[in-house]
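Remarks on the structure that follows.
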Amino acid sequence: MAAFTLAHLSDPHLAPVHRPRLSELAGKRALGYLNWTRNRYKYHRRDILDLLISDLHTQMPDQIAVTGDLVNFALESEFPLALAWLKTVGPSDKVTAIPGNHDAYVRSTRLRFAESFAAYFGGDAEGPATFPSLRRRGPLALISLSSAVPSAPFMATGRLGSAQLAALEQLLESIAHEPLFRVLLVHHPLRSANRMKRLIDSKELIALLARHGVELVLHGHDHMHSTIWIDGPERKIPVVGVPSASSIAHGHTPAAAYNIFAVAPEGNHWRCDMTVRAVNDARRVREIRQIRLL
């Protein structure tokens with residue numbers, strides 16, 4: 001059987017096209033906008049993002065996952081622009097997108113991601129799009145979570161909450177006997193040394209996965225290449241993060257990159273190979289490594 005391919009990118013941080021009105025820059029948005037105009041706009045570049053997506057399309061993955069932070073300040077004007085961009089990545093049956101903390105930056109627009117992007121994360125079952133959601137695509141079960149909650153100034157924490165964790169446990173139990181390669185999508189990493197950016201209930205999620213298992217966890221948020229392993233009921237689970245899809249290399253932050261996972265059955269188990277493609281100093285996207293995960 002030919003391998004089924006899943007591309008993963010994250011944190012495009014699309015620049016706002018219009019200068020926000022003063023009335024929109026109260027509280028946390030004011031600090032975020034100041035940070036953007038002083039520093040972040042230099043590093044998050046639309047030309048880099050377009051370069052990465054163009055290369056991704058040449059690889060023709062079967063599915064694409066985008067793990068959050070499509071926007072920066074959760075302004076009303078940002079969501080239609082982000083949706084227009086997401087449509088250039090692919091149609092909603094081929095692309096799954098979940099929110100990040102920037103997509104729920106403030107309380108007043110914390111629900112806009114769900115309202116704007118329901119077609120891109122809604123599950124296969126009939127009914128309203130909610131988290132967690134389940135999408136069956138080829139041999140994959142794409143399971144989407146939302147860790148996006150408004151947080152205090154200078155904080156970028158995430159939280160799943162007890163209701164979402166309980167629903168995830170039920171979902172994993174319901175598909176436990178199906179021959180599916182389960183991929184969990186969440187914005188925040190499962191382990192973080194930075195308390196200001198952590199997933200607050202990560203311990204609960206890790207314990208749940210130790211009981212029920214998935215084959216792969218994908219996240220963004222840290223803007224770094226990362227792979228850690230957590231306990232599953234039968235084997236270790238790889239947890240893979242990816243840099244921002246729009247970033248140039250600066251300081252310790254790597255340039256924009258995305259990963260492609262090739263999944264195929266192998267005997268009684270799954271094989272999963274990861275290919276990393278990244279922007280180089282010449283502003284070209286090249287393969288930088290291949291790793292067998294499973």
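Salt bridge annotation for E78-R29: absent, with no cationic side-chain nitrogen under 4.0 angstrom from a carboxylate oxygen. For the pair R137 and D124, the salt-bridge criterion is met [side-chain N within less than 4.0 Å of a carboxylate O].
Ring centroid separation for the pair H102 and H187 does not come in under the 6.0 Å cut-off.
If you check the side chains of H223 and S244, you find no donor sitting under 3.5 Å from an acceptor. There is a side-chain donor-acceptor pair under 3.5 Å between H8 and T67.
In this structure, the separation between OH on Y120 and CG on L70 is 10.5 Å, given to the nearest 0.5 Å. Remark: T109 OG1 to E115 CD distance equals 9.5 Å, nearest 0.5 Å. Atom CG of L145 is separated from atom CG of L171 by 9.0 Å, given to the nearest 0.5 angstrom. To the nearest 0.5 Å, atoms CD1 (I48) and CD1 (I248) are separated by 7.0 Å. Atom NE2 of H219 sits about 3.5 Å away from atom OG of S226, to the nearest 0.5 Å. Between H188 atom NE2 and D201 atom CG the span is 10.0 Å, to the nearest 0.5 Å.
H44 and W36 have parallel rings, their planes meeting at less than 30° on a 0 to 90° scale where 60° marks the start of perpendicular.
Between the side chain of D69 and the backbone N or O of N101, at least one donor-acceptor pair lies under 3.5 Å. A donor-acceptor contact shorter than 3.5 Å is absent between the side chain of S54 and the backbone of L51. A side-chain donor-acceptor contact under 3.5 Å links D103 to the backbone of V71. In this structure, T37 contributes its side chain and L34 its backbone to a donor-acceptor pair below 3.5 Å.
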Show the numbers, then the answer: is there a side chain to side chain contact (heavy atoms under 4.5 Å, CB included) between L14 and L49? CA-CA 9 Å; L14 292 156; L49 177 61; 3.5 Å; yes
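When every heavy atom of P254 is checked against every heavy atom of M224, the shortest pair comes out as CD-SD, 3.4 Å. For the pair L293 and W229, the tightest heavy-atom approach, listed with the atom from each and the gap, is O-CH2, 3.2 Å. The two residues T253 and S247 have their closest heavy-atom pair at CG2-OG, 4.0 Å. Minimum heavy-atom separation, G232 to I237: CA-CD1, 3.8 Å.
Within 6.0 Å of atom CG in D281, 12 or fewer heavy atoms from other residues, nucleotides or ligands are found, so the atom counts as exposed in its surroundings. At most 12 non-hydrogen atoms from other residues, nucleotides or ligands lie less than 6.0 angstrom from CD of E234. Within 6.0 Å of atom CZ in R40, more than 12 heavy atoms from other residues, nucleotides or ligands are found, so the atom counts as buried in its surroundings. Taking a 6.0 Å sphere around CZ of R292, one finds it holds more than 12 heavy atoms contributed by other residues, nucleotides or ligands. Open room surrounds CZ on R107; 12 or fewer heavy atoms of other groups in view lie less than 6.0 Å from it.
For residues 124-180, the ring pair (Phe, Tyr, Trp, His ring centres under 6.0 Å) pairs, not counting sequence neighbours, are F121-F131.
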